[in-house]
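Heads up, the thing below is written out as C-alpha cells.
Since the model is a prediction, treat every value here as computed from it, not as a measurement. Proteins come first, then strands; the chains are lettered A, B, ... in the order of their sequence lines, and each starts at number 1. Reckoned from all heavy atoms, side chains included, excluding hydrogens, waters and symmetry mates.
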Amino acid sequence: MNYWLFKTEPDEFSIQQLASSPNHTARWDGIRNYQARNFLRDRVQAGDLVLIYHGKIKQAGVVGTAQVVSPAYADPAQFDAGSPYYDPKSSGSAPRWFCIDIQWQDTFVEPVLLDWIKEQHELSNMMLLKQGRLSVQLVTEPESRCILQKSQRR
DNA sequence: GCCAACGTTGGC
DNA sequence: GCCAACGTTGGC
C-alpha cells in the first residue's frame, strides 16, 4: 500500500466535485507528464491512500483524502480529438497516458496548508517541496501520518 | 499577473 | 543525442 499526493486546481476539479460525484467516485485523468504517468501506470494500486492537494490558490494545501479504486487504465481523453487532453501521437494499441478512478474519503475541516508543511522538519523531504510541479507524488507513511494528524488537530 | 523552475520540442 | 528555444506550472 502506497501513499500519494495528487494535485489539482479547485477551478479544474476540486475535492468538493469528487465528493459530489456518483458514488463519490471520479476518474483522475488528464495527466500529461511522464514522471506522473509512470507513477500512475507502474505504482498506483487500488487501495492506496491519496492526499488531495489544492494548488494555484492563495491558501494552497492538502484538503482531504481519497482512495484509489481501480488499476491504471488508458486515459480515454487521449483518443478524443475534441478533448483538451487529446494526443494525436497516442494509439489504442500503444496508449501513452493513463488514468485511475478514485473515491472520496474525507474533506478536512481545515486544509493542511503548504505554509505549515514547509515549517515541519519531518516533512522537509516531501516531493511537494522539492519538485512542486509534479502532479502525482509519492508520500512516505510518516509524512502522510503527520499530515493526517494535523488535519485532525485543528 | 509575474517570473523562476523545469519539462518538452525540434533543428542540427 | 545535444541543447537552445519555448511552453507550462504554480507559488507569490
**Request:** Could you tell me the separation between the CG atom of D115(A) and the NZ atom of K58(A), rounded to the nearest 0.5 Å?
**Result:** 13.5 Å
**Item:** Rounded distance in Å - CD1 (I57(A)) to C1' (dT9(C))
**Value:** 15 Å
**Message:** Expressed as a whole number of angstroms, how long is the span from F39(A):CZ to dG7(B):P?
**Reply:** 12 Å
**Request:** Whole angstrom is fine here: how far is it from OH in Y34(A) over to P in dT8(C)?
**Result:** 15 Å
**Prompt:** Which nucleotide, dG10(C), dC12(C), dG11(C), lies nearest any side-chain atom of R133(A)?
**Reply:** dG10(C)
**Asked** Would one find a side-chain N or O of Q131(A) under 4.0 angstrom from OP1 or OP2 of dG7(B)?
**Response** yes
**Request:** Would you mind telling me which of R27(A), R96(A), R32(A) makes a salt bridge (charged side-chain N to carboxylate O under 4.0 Å, His left out) with D75(A)?
**Result:** R32(A)
**Prompt:** Got more than 12 heavy atoms from elsewhere within 6.0 Å of CD, E122(A)?
**Reply:** yes
**Request:** Please state how far atom NZ in K58(A) lies from atom P in dG11(C), giving the value in whole angstrom units.
**Result:** 12 Å
**Request:** Just compare dC12(C), dG7(B), dC6(B) and give me whichever is closest to any side-chain atom of L114(A).
**Result:** dC12(C)
**Item:** Nearest to side-chain heavy atoms of Y53(A), which nucleotide of dG11(C), dG7(B), dC12(C)
**Value:** dG11(C)
**Prompt:** Of K56(A) and R32(A), whose closest DNA chain B nucleotide lies nearer the 5' terminus?
**Reply:** K56(A)
**Request:** Mind calculating the distance between CG (N33(A)) and P (dT9(C)) to the nearest angstrom?
**Result:** 10 Å
**Request:** Would you check if C146(A) and L123(A) make a side-chain contact, meaning some heavy-atom pair closer than 4.5 Å?
**Result:** yes
**Complete:** Between CG of L128(A) and P of dG10(C) the distance, given in whole Å, is 10 Å
**Message:** Whole angstroms only, please: what is the NZ-P distance between K130(A) and dT9(C)?
**Reply:** 24 Å
**Atom-to-atom span, NZ of K118(A) to P of dG11(C) - whole angstrom** = 8 Å
